[in-house]
Amino acid sequence: MDTSDTPRQEVPASTLPQIQVTVRGITNQYGAECLGQQMFHILREVGEYIDISALDGVTVAVDYDEALRDLDRGVEGLAPLSRTNDEGLAGVGKSIVVMRGDAVKTHIVLSAGPVCPIVLEEADRDEEDFRTAIAIIAHECAHVEENAFREDQFPGIHFRPPTGHFIRDHEQHFAEACWGEYAVCRLSAGFAVNEEARFRDNLAVRLKDCRSRARDAIRSYRLHGNVVRVFEEVGIVILEPLRIASYLFGHLDGMNKYDTLCEVAPELPTEDQAFVRVIGRLVEQLRRLWDTRGGWPSYDALIDVGAVGFQLFEEFGVHCQPQPDGQAYINVPFTADTMPGGSAQADLRILMGGYRG
C-alpha cells in the first residue's frame, strides 16, 4: 500500500483545522504513517504562530509532479499545475487555492524527499536538512494565511477571471507573485533562520547576465517576429529577479529586530542600476502594503505594485502601450546590439513593425 491518510487529532491552542495529511508513493506503511504523524505535529506547532485555519489538507508525494496534476481544485477548466524547475531552482512545495463547497481554502503539496528528515531522530538526521524541511513547511503554511487574508478582504479574488486588459492583467499577476512571496517570507522568517543564504544565492542566479539574455531574446525576435513571444521571453528575464528579491527582503524584514529596516541597494548582488532602482521601489511598495494590510482601499493598491516592475520593459528594449480596447501596442525598436548576426536586409520588414496584442 503506497498511500496513507492520517486523521488529525484534536489540538487546541493551534489554528490547525480538521484535515488529512496524505502520503503518496512511500510503500512502507509504517514509514508513511510516521511521516504523516510528524507532519501533523509540525503543522500544529506552526499553527500557533501562523494562521492555517483555511488549510484544506496536505499531500506529501514521492512523485511531486503527479500529485500537482492530480489535485482536485474544485473548479473546472483551470490550467494544469507544474513545479518551478529551471536555472537550478527546483520547486519542492506549492500551496494551491482550492474551492470546497462555498469556501476558498489552500491545499499544500510537498515533495517527499526534502521533508522526510522530519521523521528522523535527532541523532540520525542532518540538522541542516531538518531545518530546511521545517522552513519549507512553514513557508507553505504562510501561504495559507496570505491567501486567506486576500480572500477575506476581497471575496472571490482568487478565481476572478482576467479583465481582458493586456498590461493590467500582467501587472496583477506580477504584483500578486511578488506580494505573496514577500508576505509569506516575512510571516515565516522565524522558522527559516538559515534560509538567508539560499535566498541570496537564488537572487544572484536570476540577476546573472540579464541584459545579455534579454538581448538574445530580442535578436531572436528580429527573425521570428512574434512580439507576444518576445514580451514573454524578455519578461521572464527581467521580472523573475524582482520576484526572487521579494523572497529575500520579506525574509530580511521578518528577521529584523529593529525599528529601521535594511536599505535595499547594499543587499543586491548587482551593479546594474536599473535593477537597483526598480527593486528598491518594489521593496518600498511591498513594505507599505505590509504596514497597511487589512486596510487596502481596493485591490488596485496591490495591482499598482505591478507597474513598478513593468518600468523595466522599456529599459530593456520592449515598449508596451495600453490601447483603449484593452489590448496593447508592443514595439521593439531596432538597436545595433539587438541585430542578429547574418540577418538579411529583407529582415527589416520584421524589425520595423509593432503589434497590438
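With 3.5 Å as the limit, one finds no donor-acceptor pair spanning the side chains of Arg277 and Gln311. Side-chain contact check for Arg150 and Tyr299: at least one donor-acceptor pair (N or O, by modelled atom type) lies under 3.5 Å. Side-chain atoms of Gln29 and Glu33 include a donor-acceptor pair closer than 3.5 Å. Side-chain N/O atoms of Thr59 and His107 include a donor and acceptor closer than 3.5 Å. Side-chain contact of Tyr247 with Glu181: a donor-acceptor pair under 3.5 Å is present, judged by distance alone. With no hydrogens or angles considered, no side-chain donor-acceptor pair links Trp179 and Gln285 at under 3.5 Å. Side-chain atoms of Asp325 and Gln327 form a donor-acceptor pair, as typed in the model, at a separation below 3.5 Å. Between the side chains of Ser95 and Glu140, at least one donor N or O sits under 3.5 Å from an acceptor N or O.
A salt bridge is defined here as a Lys NZ or Arg NE, NH1 or NH2 lying under 4.0 Å from an Asp or Glu carboxylate O, and Glu121 with Arg125 fails to meet this definition. Salt bridge present: Glu315 and Arg211 bring a charged side-chain N and a carboxylate O closer than 4.0 Å. Salt bridge status for Glu232 with Arg229: absent, with no side-chain N to carboxylate O gap under 4.0 Å. Using a 4.0 Å cut-off between charged nitrogen and carboxylate oxygen, Arg168 and Asp300 count as a salt-bridge pair. Ion pairing between Asp253 and Arg287 holds under the 4.0 Å rule for side-chain N and carboxylate O. Salt-bridge annotation for Arg131 and Glu195: absent, with no side-chain N of the basic residue lying under 4.0 Å from a carboxylate O of the acidic one. One finds a salt bridge joining Asp70 and Arg24 here, because a Lys/Arg side-chain nitrogen approaches an Asp/Glu carboxylate oxygen to under 4.0 Å.
The side chain to side chain donor-acceptor pair (under 3.5 Å) check on Asp209 picks up nothing, with sequence neighbours excluded. Checked against salt bridge (charged side-chain N to carboxylate O under 4.0 Å, His left out), Glu284 has the following partners two or more places apart in sequence or in another chain: Arg288. Glu145 meets the side chain to side chain contact (heavy atoms under 4.5 Å, CB included) test with Ile50, Asp51, Leu187; sequence neighbours excluded.
Around the NE2 atom of His173, the shell of radius 6.0 Å holds no more than 12 heavy atoms that belong to other residues, nucleotides or ligands.
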